[in-house]
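This is a predicted model, so every value here is computed, not measured. Below, chains carry the letters A, B, ... as their sequence lines are ordered, and counting in each starts from 1.
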There are 2 protein chains.
Amino acid sequence: MALGKDYDYAAQECSIARALEIIGERWTLLVVRDALYGVRRYNDFLVHLKIPRAVLAARLQSLTEAGVLEKRRYQESPPRDEYVPTELGWGLWPALRALGLWGRAFNPDARPMRTFHHAECGTELGSYGECRACGRAVDPADVEMRPGPGLGPAEDAVSRALRAPRRLLAPLELQPR
Amino acid sequence: MALGKDYDYAAQECSIARALEIIGERWTLLVVRDALYGVRRYNDFLVHLKIPRAVLAARLQSLTEAGVLEKRRYQESPPRDEYVPTELGWGLWPALRALGLWGRAFNPDARPMRTFHHAECGTELGSYGECRACGRAVDPADVEMRPGPGLGPAEDAVSRALRAPRRLLAPLELQPR
DNA sequence: ACGGCAGGTTCGTTCACTGAACCCGCCACG
DNA sequence: CGTGGCGGGTTCAGTGAACGAACCTGCCGT
């Protein structure tokens, strides 16, 4: 969303509006999604999202300021930073899961892109993110992401790396080519 | 979000991006939230959200076209329409619930504005809108909304009407003054 | 010395949001 | 019969955000 400087959402006495102040802008939620998928580097976000560079820089900064991501130096000389989700960031997983399920319900013809499973027992997550077998909410770190039949050909290295079954939150390691 | 004409989200092979194409624009989710709270009339949305008229008209139209709301004539002469959530619209409840809880987690000092309970047993809902006691997802129609301690003074008639404990989806009846 | 790469910043254009003003059909009132 | 009010919009100018391309910087390898 194009939010103005003065976030009128703030006038709303509603925690949904508060949430949208933080993650309601265009691209923001997709950045968080990628972060939970394991993307951590500026260039990887850039390649995967095809987002304008200036917008990405702005989103990473505001998410960091909000405490959703943490900017962490992973090497000096040349100085390089990565953005890793904080606990507050993981907390968006239920919302993202619910949105994803709704998006799937929205066009039921499409084959699912990815499926999410409880890593310990392998059962797919239920409609509100719980493990159907265990009957409990699953911690994001215990969620396994698997490629679904709806995925097209992977064009960039990040998409390729995200095709392998992997844990949520596990950092993305790019094998060259 | 300010989405352009060509929604680049569409390039994303992800149902979250698909969802955001529909409900990702500024104000859209708040309109849906109000619709689930029982708001149905143009003017009530206008008063409660303090949203520009043109934007509201655009959102109502696009949500109707997407099948999230249904435009329904409730009287002829003068012709008057109301917008009621469809089943697809109710399907956004888990996402809204998750977002609301996250917004509450985001600033833990604030007192909750509203709490949501399973109408049959009275227990508060969990992070995906499930009943903690029953362990099952609660149909939006069985959710009872109660005012919380964080609510300020109600300024408009819609806010006043929303202070009473009420069922989700129950149409708002405005008692004059 | 040169090219390349990660991680940005700058800049002009386009486009959506904003608020105020205006419009239309209908009703009620005097 | 005119006049005002209300619900439900549309129109319009101004502004701020998103967009994409170009540019910049620090550092490395050769």
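- Taking atom CZ of A/R80 as the reference point, atom C1' of D/dC28 lies 10 Å away to the nearest angstrom.
- Legend: residues meeting side chain to side chain contact (heavy atoms under 4.5 Å, CB included) with B/E120, ordered by chain and number and at least two apart, are B/H118, B/D142.
- Looking at heavy-atom distances under 4.0 Å, B/V55 makes contact with a base.
- Applying the ring-ring contact (aromatic ring centres under 6.0 Å, His included) test to residues at least two apart or on different chains, the pairs with a partner in residues 76-101 of chain A are A/W93-A/F116.
- One donor-acceptor pair, N or O on each side, does fall under 3.5 Å between the base of C/dG7 and the side chain of A/R53.
- At least one side-chain heavy atom of B/E155 sits under 4.5 Å from a side-chain heavy atom of B/K50.
- Under the 4.0 Å criterion applied to side-chain N and carboxylate O atoms, B/R132 and B/E130 are not assigned as salt-bridge partners.
- If you measure from atom CG of A/D81 to atom P of D/dG26, you get 15 Å, rounded to the nearest angstrom.
- Comparing B/A54 and B/D44, the nucleotide of DNA chain D nearest to each residue sits closer to the 5' end for B/D44.
- Taking 4.5 Å as the limit, some side-chain heavy atom of A/R104 sits within range of a side-chain heavy atom of A/P112.
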* Would you sort out whether A/T28 and A/R59 count as a side-chain hydrogen bond (donor to acceptor under 3.5 Å, both in side chains), showing the intermediate values? => CA-CA 6 Å; A/T28 307; A/R59 294 297 178 274; 3.1 Å; yes

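- Within residues 61-79 of chain B, the residues approached by DNA chain D to less than 4.0 Å at the level of any non-hydrogen atom are B/K71, B/Y74, in residue-number order.
- Remark: P of C/dC17 and CD1 of B/I51 are 9 Å apart, rounded to the nearest angstrom.
- At a threshold of 4.0 angstrom between heavy atoms, the contacts of A/Y83 are confined to the sugar-phosphate backbone, with no base atom among them.
- A/N43 has a side-chain polar atom (N or O) that falls below the 4.0 Å cut-off from OP1 or OP2 of C/dA6.
- As judged by a 4.0 angstrom heavy-atom cut-off over every strand, B/A58 is placed among residues making no nucleic acid contact.
- If you check the side chains of B/R41 and B/Y74, you find a donor sitting under 3.5 Å from an acceptor.
- At C/dA16, none of the side-chain N or O atoms of B/W27 fall inside 4.0 Å of OP1 or OP2 (strictly under the cut-off).
- Rounding to whole angstrom units, CG of residue A/L56 and P of C/dA6 are separated by 14 Å.
- Between B/L46 atom CG and C/dA20 atom P the separation is 12 Å, expressed in whole Å.
- Of the candidate nucleotides C/dG7, C/dT18, C/dG8, C/dG8 has the atom lying nearest to any side-chain atom of A/A57.
- Here C/dG7 presents its P atom at 14 Å from CZ of A/R40, a figure rounded to the nearest Å.
- What separates CD of B/E25 from C1' of D/dA17 is a distance of 14 Å, to the nearest Å.
- In this structure, B/L49 atom CG and C/dC17 atom P are separated by 15 Å, rounded to whole Å.
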